[in-house]
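Below: the structure, in structure tokens.
Throughout, protein chains are lettered first and strands after them, A, B, ... in sequence-line order, and every chain is numbered starting at 1. Atom set for the values below is all heavy atoms of this structure, side chains included, hydrogens, waters and symmetry mates excluded. Because the structure is a prediction, the values reported are computed rather than measured.
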Number of protein chains: 2
Amino acid sequence: MLSERQSMILNAIVDDYIRSAEPVGSRSISKRGDVAFSPATIRNEMADLEELGFLEQPHTSAGRIPSNKGYRYYVDHMAPLKPLKAEDLKLFKQLAAEKLNAVEEVVQHAGTILASMTNYTSILLGPEMFNTSLKHFQLLPLNETTAVAIIVTSTGEVENKTVSIPPGVSASDMERTANLLNAKLSGVPMHMLKARIYSEIGQEIQRHAEHYEQLMKLLDDSLVSGKDQKVFLSGTTNMLIQPEFRDIGKLKTVLDLLEETPTLTRLLNSDQKGIHVRIGSENIHQAFVNCSLITATYSLDGESFGTIGILGPTRMEYAKVIGTLDLLSRAMSRALTGRYGP
Amino acid sequence: MLSERQSMILNAIVDDYIRSAEPVGSRSISKRGDVAFSPATIRNEMADLEELGFLEQPHTSAGRIPSNKGYRYYVDHMAPLKPLKAEDLKLFKQLAAEKLNAVEEVVQHAGTILASMTNYTSILLGPEMFNTSLKHFQLLPLNETTAVAIIVTSTGEVENKTVSIPPGVSASDMERTANLLNAKLSGVPMHMLKARIYSEIGQEIQRHAEHYEQLMKLLDDSLVSGKDQKVFLSGTTNMLIQPEFRDIGKLKTVLDLLEETPTLTRLLNSDQKGIHVRIGSENIHQAFVNCSLITATYSLDGESFGTIGILGPTRMEYAKVIGTLDLLSRAMSRALTGRYGP
DNA sequence: GTTAGCACTCTATCTGAATGAGTGCTAAAC
DNA sequence: GTTTAGCACTCATTCAGATAGAGTGCTAAC
């Protein structure tokens with residue numbers, strides 16, 4: 001689609017613009033050394049590239065800046081990833097070496113590393129509950145009217161919810177019900193739990209305990225939580241140092257969205273595994289028109305997955321970020337897999 | 001210290017400045033109606049007030065703005081609180097009416113209400129662990145090397161931590177230890193727990209189980225967490241709409257601090273109960289020099305307490321915020337007390 | 001096909017003048 | 001003695017016009 005030379009020039013422009021955040025002129029490209037043509041020649045090519053939609057011009061006498069299409073081309077034809085610097089690798093080793101036990105701790109720590117290495121905002125999604133299974137269930141009465149329901153998953157995640165005890169249900173009722181659930185449904189995937197409760201535990205409860213209806217209601221309440229993935233943010237204030245967000249209005253749109261966890265979850269999740277790059281308006285959400293979101297997936301035990309992502313301006317250091325995400329997602333998978341096998 | 005008239009003028013200036021965020025001139029005060037003197041007279045008083053340190057002047061030909069001392073006087077001599085608007089009261093009723101069970105949910109919800117009612121940033125501290133007591137303890141093995149420790153407090157809070165199982169310790173060892181703890185130390189205040197474990201459980205374990213050292217180590221690890229109060233933030237992006245934070249540098253200092261939960265905890269906690277106002281440099285932390293922090297305490301069961309706070313620019317609607325905090329802290333105490341009695 | 005040269009465009013920056021909000025001081029009025 | 005009108009003065013803000021400079025597009029020469 002693009003000639004060799006056009007491709008080189010586009011590359012050089014994107015590269016320069018990522019560094020400087022200022023429109024790039026023909027002369028500065030010519031002086032870079034990697035495109036050995038005169039400014040005039042480069043100008044001609046730039047005019048063509050603009051006509052093709054890869055570049056934009058803020059005004060007639062300014063240099064060019066990449067359009068979304070330009071970034072997209074840059075990313076799709078990017079040179080193979082540079083190896084990371086030694087000091088960065090150190091941080092990864094920390095992740096593996098530190099005695100981080102719970103999955104959430106690993107995820108959170110990875111988010112901090114990611115934000116501090118890239119100077120962008122990191123958004124991480126905890127593992128999907130979909131494929132984890134039930135390890136333990138407990139119903140603990142606090143007083144006459146309320147109890148805490150505790151669910152432990154196979155990955156060691158603990159979810160808890162305070163529920164009200166339906167009238168007439170006794171402590172021993174609850175204990176028996178919980179024991180039944182542990183005996184019969186331990187190891188059952190979380191997404192099948194409700195169905196299995198109805199099919200297998202229902203009659204059992206009906207036989208042994210009064211208040212069938214109430215107990216089922218109680219179980220229902222207890223299992224509501226823990227459905228949604230947890231969101232971990234880090235480096236949100238890195239957004240402030242980007243010149244494109246000097247405008248407080250734009251900044252607020254983005255930061256506001258970062259507080260809406262359900263929307264974030266929706267935006268980060270995608271069906272496919274691996275690395276994803278969404279540039280500017282490729283993001284569905286209006287607030288991200290000036291942003292690029294790069295995501296990768298990590299695996300927990302080969303079946304259940306989570307997502308790690310970096311949010312920054314469209315003028316983002318794609319190569320570095322993609323490389324980092326790739327490595328970190330692998331490191332996380334390594335740190336997490338095997339530990340909580342079936 | 002100040003004459004009646006000086007006090008009135010200072011009041012008027014602070015009031016105007018809070019609304020407009022612009023230096024206040026003598027003419028505009030004179031036109032307000034509540035200080036029936038000519039601009040010249042007011043000018044003279046303003047000069048005196050500046051000399052006394054209650055006002056400042058950005059430059060010679062500008063109006064006056066309140067100094068920290070001016071705000072302090074304003075707050076200390078403030079008219080009794082205005083009753084809240086009807087629509088605001090609705091939100092409070094929501095808090096009481098909604099079937100919010102867990103303490104954390106109430107606190108979080110209160111934070112959201114607070115931020116949306118005031119348009120400032122709310123910072124809430126969960127209840128201090130200090131006075132809650134142990135309800136239940138559990139050690140649940142996940143695989144050969146790791147286990148989850150779960151602690152439930154008398155207020156229904158659930159803390160969990162993944163710990164590694166010391167070599168040689170069996171599942172039944174752990175179960176027995178947990179049972180022992182529940183039997184002997186249920187109801188013991190959390191801050192005494194470790195001491196009581198050594199004094200009462202230690203020998204018991206030594207008698208019944210091998211691996212005394214390892215089991216004690218395991219217990220030690222399990223009880224590390226849950227010490228610090230949780231921090232709930234809401235409306236952080238409200239900081240962006242304040243004209244004093246149009247300067248991104250200042251903004252970043254504040255937002256960065258908001259991410260440091262331990263520092264926040266330290267800044268919010270104070271020995272005394274009731275409402276506290278910290279204006280500008282009265283805050284210990286450098287990042288808050290342009291901010292005022294107003295805090296109130298809520299009680300959980302008459303013994304254990306938490307803090308709710310509002311962070312805004314020193315030019316803050318003190319009357320409204322103090323009124324809201326007062327009412328909301330009461331509402332929270334009402335919603336929380338009695339539910340988790342001893 | 002490439003490049004040197006040149007006219008042209010447009011932004012950013014600086015200057016100086018005009019504007020106006022607000023003050024401080026003095027002297028008159030109450 | 002207190003209050004106020006009047007006036008000179010200060011200083012930030014705004015605007016217009018001038019200038020500089022970066023960069024372009026086009027043409028003609030290589």
(message) As an exercise, state the distance from CG of A:L264 to CZ of A:F232, rounded to the nearest 0.5 Å.
(response) 13.0 Å

(message) Both B:T41 and B:P58 contact DNA chain D. Taking the nearest nucleotide for each, which residue is further toward the 5' end?
(response) B:T41

Write down the protein N/O and nucleotide N/O pairs, taken from nucleotides 27-30 of chain C, whose separation is under 3.5 Å; answer none if there are no such pairs.
none

(request) Taking the side chain as every heavy atom from C-beta outward, state whether B:D15 and B:R32 have any pair of such atoms under 4.5 Å apart. (result) yes

(request) May I ask you to check if A:R5 and A:F37 form a cation-pi contact, with NZ or CZ under 6.0 angstrom from the six-membered ring centre and within 45° of the axis? (result) yes

(request) Mark yes when over 12 heavy atoms from residues, nucleotides or ligands other than A:R72 sit less than 6.0 Å from its CZ; otherwise mark no. (result) yes

(request) Could you list the residues that satisfy side chain to side chain contact (heavy atoms under 4.5 Å, CB included) with B:R330, not counting sequence neighbours? (result) B:D326, B:R334

Atom [atom1] of [X] to atom [atom2] of [N]: distance rounded to whole Å?
X	N	atom1	atom2	answer
B:H59	D:dC11	NE2	P	10 Å
A:E45	C:dT2	CD	P	8 Å
B:I42	D:dT3	CD1	P	11 Å

(request) Kindly assign one of parallel, tilted or perpendicular to the pair B:Y73 and B:F54, based on the angle between their ring planes and the thresholds 30° and 60°. (result)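 B:Y73 vs B:F54 ring planes: perpendicular.
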
Distances for protein N or O near nucleotides 20-30 of chain D N or O, under 3.5 Å:
| residue | atom | partner | partner atom | Å |
| --- | --- | --- | --- | --- |
| D:dG23 | O4' | A:S61 | O | 3.4 |
| D:dT24 | OP1 | A:S26 | N | 3.4 |
| D:dT24 | OP2 | A:S26 | N | 3.3 |
| D:dT24 | OP2 | A:S26 | OG | 2.6 |
| D:dG25 | OP1 | A:R64 | NH2 | 3.0 |
| D:dG25 | N7 | A:R43 | NE | 3.0 |
| D:dG25 | O6 | A:R43 | NH2 | 3.1 |

(request) Output yes when B:E317 and B:R19 qualify as a salt bridge under the 4.0 Å nitrogen-oxygen rule, no when they do not. (result)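 Salt bridge absent between B:E317 and B:R19.
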
(message) Looking at B:T297 and B:G274, would you say the former's side chain and the latter's main chain have a donor-acceptor pair under 3.5 Å?
(response) yes

